[in-house]
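We're numbering straight along the sequence, starting at 1. Keep in mind that the numbers below use all heavy atoms, side chains included, and drop hydrogens, waters and symmetry copies.
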Amino acid sequence: MRFRPLEKLINLHEGYRREFRIDELALLLAMQDGDLYLFESRCPHREHALDVASIRDGVIECPLHRYRFRLTDGALLQASEEPCRALKTWPLVYEGNEVGCMLPD
């Protein structure tokens, strides 16, 4: 595993959202309500982009079909159509003045 830096801490602010493409991964780093989250950037239901999805109380809601996922572990909380898998999330790692994640070599 290796540390993959994503953003400098000084650049983070309420409402921050930025997509990162690392190899085959498309990740979204988001700060909402003072909490920072890292998760896949597309909804697992129908692959809709989550960059404009609403985040409240640690829950993200896909704007297309209103699927809701808990951001701490990606658990599916609400489905409006057929069930789908959980949203993939990654734990954040802080190193010096940067935040990132651990990815396989």
Side-chain angles (χ1 to χ4, degrees):
M1 300 287 280
R2 66 183 164 86
F3 176 71
R4 171 67 180 179
L6 298 174
E7 186 62 90
K8 294 193 181 304
L9 297 176
I10 195 166
N11 294 331
L12 299 174
H13 54 84
E14 188 65 22
Y16 174 96
R17 292 192 188 183
R18 182 174 170 198
E19 185 174 7
F20 295 88
R21 296 207 177 259
I22 304 168
D23 300 325
E24 73 283 349
L25 296 175
L27 308 175
L28 191 64
L29 182 65
M31 180 177 264
Q32 193 68 44
D33 301 325
D35 293 314
L36 193 59
Y37 306 99
L38 182 63
F39 51 92
E40 64 185 302
S41 66
R42 300 222 166 246
C43 181
H45 171 239
R46 297 256 173 107
E47 298 292 317
H48 188 71
L50 294 174
D51 59 339
V52 296
S54 67
I55 298 174
R56 188 180 304 100
D57 299 325
V59 174
I60 188 166
E61 183 176 295
C62 178
L64 187 59
H65 295 111
R66 305 289 181 226
Y67 277 60
R68 300 179 75 213
F69 303 89
R70 187 172 45 229
L71 286 174
T72 54
D73 61 5
L76 175 64
L77 301 175
Q78 175 183 312
S80 62
E81 297 177 352
E82 69 278 352
C84 70
R85 67 170 172 78
L87 181 72
K88 292 179 185 172
T89 63
W90 284 263
L92 292 165
V93 177
Y94 295 86
E95 192 171 289
N97 66 346
E98 295 179 309
V99 64
C101 61
M102 298 300 287
L103 295 176
D105 290 328

So, using side-chain hydrogen bond (donor to acceptor under 3.5 Å, both in side chains) as the criterion, who are the partners of Arg2 when residues are at least two apart?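 Partners of Arg2 under the side-chain hydrogen bond (donor to acceptor under 3.5 Å, both in side chains) test: none.
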Looking at residues at least two apart in the chain, or sitting in another chain, which of them share a side-chain hydrogen bond (donor to acceptor under 3.5 Å, both in side chains) with Glu24?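 Listed in chain order: nothing, the list is empty.
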What's the shortest heavy-atom distance between [X] and [Y], and which atoms?
X      : Y     : result
Phe39  : Ala30 : CE2-CB, 4.1 Å
Glu40  : Leu87 : CG-CD1, 3.3 Å
Phe69  : Gly74 : CD2-O, 3.6 Å
Cys101 : Pro91 : CB-O, 3.8 Å

Residues that Lys88 engages under salt bridge (charged side-chain N to carboxylate O under 4.0 Å, His left out), provided they are two or more places apart: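 In terms of salt bridge (charged side-chain N to carboxylate O under 4.0 Å, His left out), with neighbours along the sequence ignored, Lys88 is linked to no residue.
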Going by salt bridge (charged side-chain N to carboxylate O under 4.0 Å, His left out), name the residues that satisfy it together with Glu47, two or more places apart in sequence or in a different chain.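 Salt bridge (charged side-chain N to carboxylate O under 4.0 Å, His left out) list for Glu47, sorted by chain: empty.
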Does His48 reach the side chain of Pro63, with side-chain heavy atoms less than 4.5 Å apart?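 Yes, their side chains come closer than 4.5 Å.
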Taking C-beta and beyond as the side chain, do Pro44 and Tyr67 meet within less than 4.5 Å on heavy atoms?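 Side-chain contact under 4.5 Å: no.
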Using a side-chain heavy atom cutoff under 4.5 Å and only I, L, V, M, F, W and Y, what cluster partners does Leu36 have?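 Leu6, Leu9, Leu12, Tyr16, Phe20, Ile22, Leu25, Leu27, Leu29, Met31, Leu38, Trp90, Leu92, Tyr94, Val99, Leu103, all in the cluster of Leu36.
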Below 3.5 Å, can you tabulate the donor-acceptor pairs from side chains in residues 49-58 to any protein atom, sequence neighbours excluded?
none

Any side-chain to backbone donor/acceptor pair from Tyr37 onto Leu28? Under 3.5 Å, distance only.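 Judged by distance alone, no pair lies under 3.5 Å.
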Can you list the steps and then say if Glu14 with Gln32 is a side chain to side chain contact (heavy atoms under 4.5 Å, CB included)? CA-CA 6 Å; Glu14 188 65 22; Gln32 193 68 44; 3.4 Å; yes
Over 60° means perpendicular and under 30° means parallel, so tell me whether His45 and His65 are parallel, tilted or perpendicular.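 His45 and His65: perpendicular rings.
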Does this structure show an ion pair linking Arg46 with Glu82, if we count only N-O contacts that are shorter than 4.0 Å?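 Salt bridge present between Arg46 and Glu82.
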